[in-house]
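Counting from 1, the numbers follow the sequence of the chain as shown.
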Amino acid sequence: MVGAAHRGRRRAVTDVVRVRPRPGPRHAAPPPGFVARAAAVTAGLSVAGSVLGLLRDQVIARFFGAGADSDAFLVAWTVPELAATVLIEDAMALLLVPAFSAALAKGGARPLVRGTLPRLAALLAVATAALLAAAPLAVHLLAPGLAAPGLAVTCTRLTTATILTFGLAGYLSAALRAHHRFLPPAAVYVAYNVGIITTLLALHGRWGVRSAAAGVAVGGALMVLVQLPSFVRVMRSGATRAEGVAMVPGQSRLPGHPAGVNGGDTATAGPDGPGSAGRVRLGMGLVVPVVLFAVARQTQVLVERFFAAGLPAGAISHLNYAQKVAQLPMALSLMVCTVTFPVVSRALAGGDRERARQRVERDLTLACVVVLLGTAYVVACAPQIVSTLFQRGAFDAADTAATAAVMRVYALGLLGQSLVGALIRPYFSAARPTWYPVAAMAAGLSLTAVVDGAAVTPWGAYGIAAGNAAGISLTAVLLLRGLPARAVPVRVPALTAAVSRYVLAAAAATGAGWCTTRLLPGAPAALAAAACCLTVPLAFAAAAAAVGAPVRSLPHAA
């Protein structure tokens, strides 16, 4: 009787699952060497995208300089910048990578796609249409003192298409990264910048700066197209397993993962039964903090342009060029974090907090080293960098001097920028509702607004850049202090001590780079910048070794 009962129970379970039992999750862990290979692919394509981004900025500077027309375009560019932060880089990834990871661990992602992608596309289309109609109001709110508001409205309407295309691109990127497919997501900014540059070269004589806005729309569409074939292949390859699995009652959730994502139809029952409101509230409790954090982070740019709109024409352009170049080290420092985000998410979902801690500490160490080395180079060689990249055509020597000075002030906040980007991932890796990052970002944003408002009159664009550095640094400190209790138990004192040593090394490297430029007073800017590429890293390594920074452990961390 006991054996019959046992066989009956086994048949009942098989009827529910409707597939043969498997020894373990199909996507349980990446293979050996996965992080290094994925990081190398991501690094290569990220560098290519950054180089094309610099080429894009060079083309815009050459054709339109730093004046009223370029300011109008940059106000319109606020739309894709905000959309990229919310829909590609932060909110979409922070929400969907854990969701897809959980779905894959339990059988497949196709039901999750069926339940979310159509609704997301409809929501994005509505938002695109709404902003298209409200473009004049948006320009007035973003830059009330702008010299060419009509041109900014036209450019804004052209860039509005990125709300839809960036949203779809971010969704595809999250899905592919969760499947350990990093090549197409890493190529999105290559495609984006190719679209902008091609459209600029083809249409600038006829459309003026509007051609840049049209190029943004074309580039957004290419972001989707470059990922779509791989996404379709991934969905087809997982069809049998995705459609054949329904979870056994009592096993529908991963440890540490909310009921709002179960790898099946997102409209299925919560704890109170089919269609319960409790499930929806839990999902919104996860979504809203992520979205608010991403919006608050990008709002720093909105605050800057609001205060800069009342400055002389060209101030917004100087701030933009300085920020784009200065943030390149920050972008490079976060490449490993992008690759390891699914790894940390799976470790936390499986309850392996020690593995998550080790990975996060390594990521933070590498991010700090890369960004501090880049900061030293940017501060030491800012005039030479800007002159080499932009001083041609309508971009003159006065624009170079103004942009370089602003860039040096921006660079003071690069460590904070990098830490915020690296720290926010473990906060949301476990897919638990948390409001602490939003509060930390709100505190930093408030400080940015206060410093900008106080400093814009006496110091102009330099005061605005100082406000950005102060605000993001405060956010980084708050996120680091709160991480052990709220997400991953990292060792904050040890990390702080290590970062402090690297900061000293960066200061020494900055001095070495500055001396290098002074020893080459009549040399071409490109030659001086190239010479600093040798002296700054050598001085950084020597100083780091002198102050006891763990330089030898960096290859192991990578």
Side-chain angles (χ1 to χ4, degrees), residues 40 43-62 66 189-190 193 197 318 320-335 366-393 395-412 414-415 418 502-503 505-546 551 554-555 558:
L45 287 172
S46 295
V47 169
S50 297
V51 170
L52 286 170
L54 286 176
L55 179 59
R56 172 204 67 204
D57 292 342
Q58 288 175 333
V59 172
I60 294 173
R62 181 182 182 89
Y189 285 108
V190 173
N193 288 316
I197 293 169
H318 296 149
N320 173 76
Y321 291 127
Q323 187 182 59
K324 290 292 190 297
V325 177
Q327 286 188 349
L328 282 175
M330 182 269 291
L332 293 175
S333 71
L334 294 178
M335 287 185 299
L366 282 172
C368 288
V369 170
V370 173
V371 78
L372 285 171
L373 182 58
T375 300
Y377 181 72
V378 166
V379 174
C381 308
Q384 291 77 19
I385 295 170
V386 175
S387 176
T388 301
L389 293 177
F390 299 121
Q391 190 173 323
R392 57 185 60 85
F395 197 95
D396 57 23
D399 293 324
T400 293
T403 301
V406 172
M407 191 164 75
R408 279 175 164 156
V409 181
Y410 259 130
L412 300 178
L414 286 182
L415 178 60
S418 184
Y502 289 125
V503 170
T510 301
W514 185 84
C515 291
T516 301
T517 60
R518 292 300 179 271
L519 292 173
L520 301 170
L527 178 60
C532 285
C533 286
L534 297 176
T535 58
V536 169
L538 290 175
F540 183 89
V551 178
L554 292 178

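- Test Thr403, Thr400, Val386 against His318 for side-chain contact (heavy atoms from CB on, under 4.5 Å) and you get one pass: Thr403.
- Note that the CG atom of Leu54 and the CG atom of Leu328 stand 5.0 Å from one another [nearest 0.5 Å].
- In this structure, CG in Leu414 is found 12.0 Å from CG in Leu373, a value given to the nearest 0.5 Å.
- A donor-acceptor contact shorter than 3.5 Å is absent between the side chain of Ser387 and the backbone of Pro383.
- Leu412 contributes atom CG, which lies 12.0 Å from atom CE of Met407 (distance to the nearest 0.5 angstrom).
- No donor-acceptor pair under 3.5 Å is formed between the side chain of Asn193 and the backbone N or O of Val190.
- Distance check, rounded to the nearest 0.5 Å: OH of Tyr377 to SG of Cys533 gives 3.5 Å.
- For the pair Pro329 and Val370, the tightest heavy-atom approach, listed with the atom from each and the gap, is O-CG1, 4.0 Å.
- The two residues Thr510 and Ala380 have their closest heavy-atom pair at O-CB, 3.6 Å.
- Of the inter-residue distances, the one linking Ile197 atom CD1 with Asp57 atom CG reads 9.0 Å to the nearest 0.5 angstrom.
- Counting all heavy atoms, side chain and backbone alike, Val378 lies closest to Ile385 at CA-CD1, 4.1 Å.
- Here the shortest heavy-atom pairing between Ala505 and Ala543 reads CA-CB, 3.7 Å.
- Atom-to-atom distance recorded for Tyr410:OH and Thr375:OG1 is 14.5 Å, nearest 0.5 angstrom.
- Residue Ala508 comes nearest to Ala539 through the heavy atom pair O-CB, 4.5 Å, listed as atom of the first residue, atom of the second, then distance.
- Residue Ala376 comes nearest to Val536 through the heavy atom pair CB-CG1, 4.0 Å, listed as atom of the first residue, atom of the second, then distance.
- Remark: the backbone N or O of Val379 is paired with a side-chain donor or acceptor of Arg408 at under 3.5 angstrom.
- Between Tyr502 and Phe540, the ring planes lie parallel to each other; the angle is under 30°, not in the 30° to 60° tilted range.
- The salt bridge (charged side-chain N to carboxylate O under 4.0 Å, His left out) contacts involving residues 324-335 comprise Glu81-Lys324, where partners must be two or more places apart or lie in separate chains.
- Using the six-membered ring where Trp is involved, Tyr321 and Phe395 have ring planes that are perpendicular, over 60° apart on the 30 and 60° scheme.
- The closest donor-acceptor contact from the side chain of Thr517 to the backbone of Trp514 lies under 3.5 Å.
- Side chain of Gln384 to main chain of Ala528: no donor-acceptor pair is present (N/O by atom type, distance under 3.5 Å, no hydrogens or angles).
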